[in-house]
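The figures here come from the full heavy-atom set of this structure, side chains too, leaving out hydrogens, waters and symmetry mates.
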Amino acid sequence: MTEKKDPRGLVLIHTGNGKGKTTAALGIIFRALGRGMKCGVIQFLKGKWETGERKFAKTIPELDFHVMGLGFTWNSDDLDKDKAAAKAAWETSSQMILEGNHEIIVLDEITYAFHYDWLQVEEVLAVLKRRPSHVHVILTGRRCPESLLDYADLVSLIEAVKHPYQSGFPAQKGIDF
C-alpha cells in the first residue's frame, strides 16, 4: 500500500440497522477536538430530546452543534414541517462544508431526508465534490443510498445483533440519549 502524498478530506459513512452510528461519528468528533480541530455537527432528525451530546456540545467552543430536526418522523404531526426542517439543515450543512472553516462535519441522520424525498442525493454529492480539500464529512443513518456509498472513502455497516429494547428495556440516559 502506497501512502498518498497530499492528504485530503475524507467522506465517511456510518449506516446499517444497528445502534451506534451517531455514537461512532461523535467519537471521531471527540478525537478531532482533542487534536485542536474545528468541528461541526448538524442533526437532521433528532430534536425533541435534550440529549447528553447536545448538552455537552454547549460547553465546547470549538464545536458548532446544530439540532435542526423536529424529532423522529414516526412521531411527526406534520411531515411538511419536517421537510422544511431538513431543507434548512441542508442549507446550514452545505454552507458549513463549502466555507471550509471546519475540518470535520457530521451530517447526522441525513439518510432519512433521502428516504422521504426531502433532499436529493445528487445535490449532496455535488457539494461533497466541491468541498475544500481539507474538509472531512461524516454521514450517518440507515439505508444510505448506493451512490453515496460508492463515493465515500470509508463505509461502516453497523449491524443489529441484539438490543435491550427487544427485552423490554426503554432508552437509557447516557447510553441512548
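Taking OG1 of T111 as the reference point, atom CG of L119 lies at 10.5 Å (rounded to 0.5 Å). One finds the CG atom of L63 at 13.0 Å from the CE atom of M37 (value rounded to the nearest 0.5 Å). The structure places NE2 of H115 at 4.0 Å from CZ of R143, a figure rounded to the nearest 0.5 Å. Considering SG of C39 and CG of N101, their distance stands at 12.5 Å, rounded to 0.5 Å.
The side-chain hydrogen bond (donor to acceptor under 3.5 Å, both in side chains) contacts involving residues 22-36 comprise T22-K46, T22-D108, where partners must be two or more places apart or lie in separate chains. Residue pairs that meet the side-chain hydrogen bond (donor to acceptor under 3.5 Å, both in side chains) test with at least one member in residues 127-139, sequence neighbours left out, are R131-Y151. The salt bridge (Lys or Arg N to Asp or Glu O under 4.0 Å) contacts involving residues 146-168 comprise R8-D153, where partners must be two or more places apart or lie in separate chains.
The cluster map of Ile, Leu, Val, Met, Phe, Trp and Tyr, joined by side-chain heavy atoms under 4.5 Å apart, puts F56 and L33 in the same cluster. With hydrophobic clusters built from ILVMFWY side chains whose heavy atoms lie under 4.5 angstrom apart, V41 shares a cluster with L10. Follow the hydrophobic side-chain contacts under 4.5 Å out from V106 and you never reach F30; the two are in separate clusters. Residue I158 is not grouped with residue F114 when hydrophobic side chains (ILVMFWY) are merged at heavy-atom distances under 4.5 angstrom, including chains of intermediate members. The cluster map of Ile, Leu, Val, Met, Phe, Trp and Tyr, joined by side-chain heavy atoms under 4.5 Å apart, puts L149 and V137 in the same cluster.
Legend: residues meeting side-chain hydrogen bond (donor to acceptor under 3.5 Å, both in side chains) with H14, ordered by chain and number and at least two apart, are absent. Contacts of K87 classified as salt bridge (Lys or Arg N to Asp or Glu O under 4.0 Å), with partners at least two apart in sequence or in another chain: none. Qualifying side-chain hydrogen bond (donor to acceptor under 3.5 Å, both in side chains) partners for K58, counting only residues two or more places apart in sequence or in other chains: E50.
Remark: the backbone N or O of I97 is not paired with any side-chain donor or acceptor of E99 at under 3.5 angstrom. Using a distance-only test at 3.5 Å, with no hydrogens or angles considered, no donor-acceptor pair links the side chain of T59 to the main chain of K55. At distances below 3.5 Å, at least one donor-acceptor pair connects side-chain atoms of T15 with backbone N or O atoms of G141.
When side chains are defined from C-beta on, S147 counts as touching L125, because their heavy atoms get closer than 4.5 Å. Between L148 and V11, every side-chain heavy-atom pair lies at or beyond the 4.5 Å cut-off. For the pair L107 and W90, the minimum side-chain heavy-atom distance is below 4.5 Å. Residues R142 and Y112 meet the side-chain proximity criterion, which asks for heavy atoms closer than 4.5 Å. Within the 4.5 Å cutoff, no side-chain heavy atoms of Y165 are placed close to those of D176.
L154 CG: more than 12 foreign heavy atoms inside a 6.0 Å radius.
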Self-check item: Worked check of side-chain contact (heavy atoms from CB on, under 4.5 Å) between E53 and F65
Solution: CA-CA 9 Å; E53 60 264 27; F65 199 92; 3.9 Å; yes
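Nearest heavy-atom pair across V135 and G100 is CG2-CA, 4.0 Å. Between A152 and I13 the shortest heavy-atom distance is CB-CD1, 3.6 Å. Nearest heavy-atom pair across F44 and A86 is CE2-O, 3.7 Å. The minimum heavy-atom distance linking P132 with L98 is given by the pair CG-O, 3.6 Å.
I29 pairs in a side-chain contact (heavy atoms from CB on, under 4.5 Å) with only one of the listed residues (I105, I60, I104), which is I104.
A salt bridge links K38 with D64: the closest approach of a Lys/Arg side-chain nitrogen to an acidic carboxylate oxygen falls below 4.0 angstrom.
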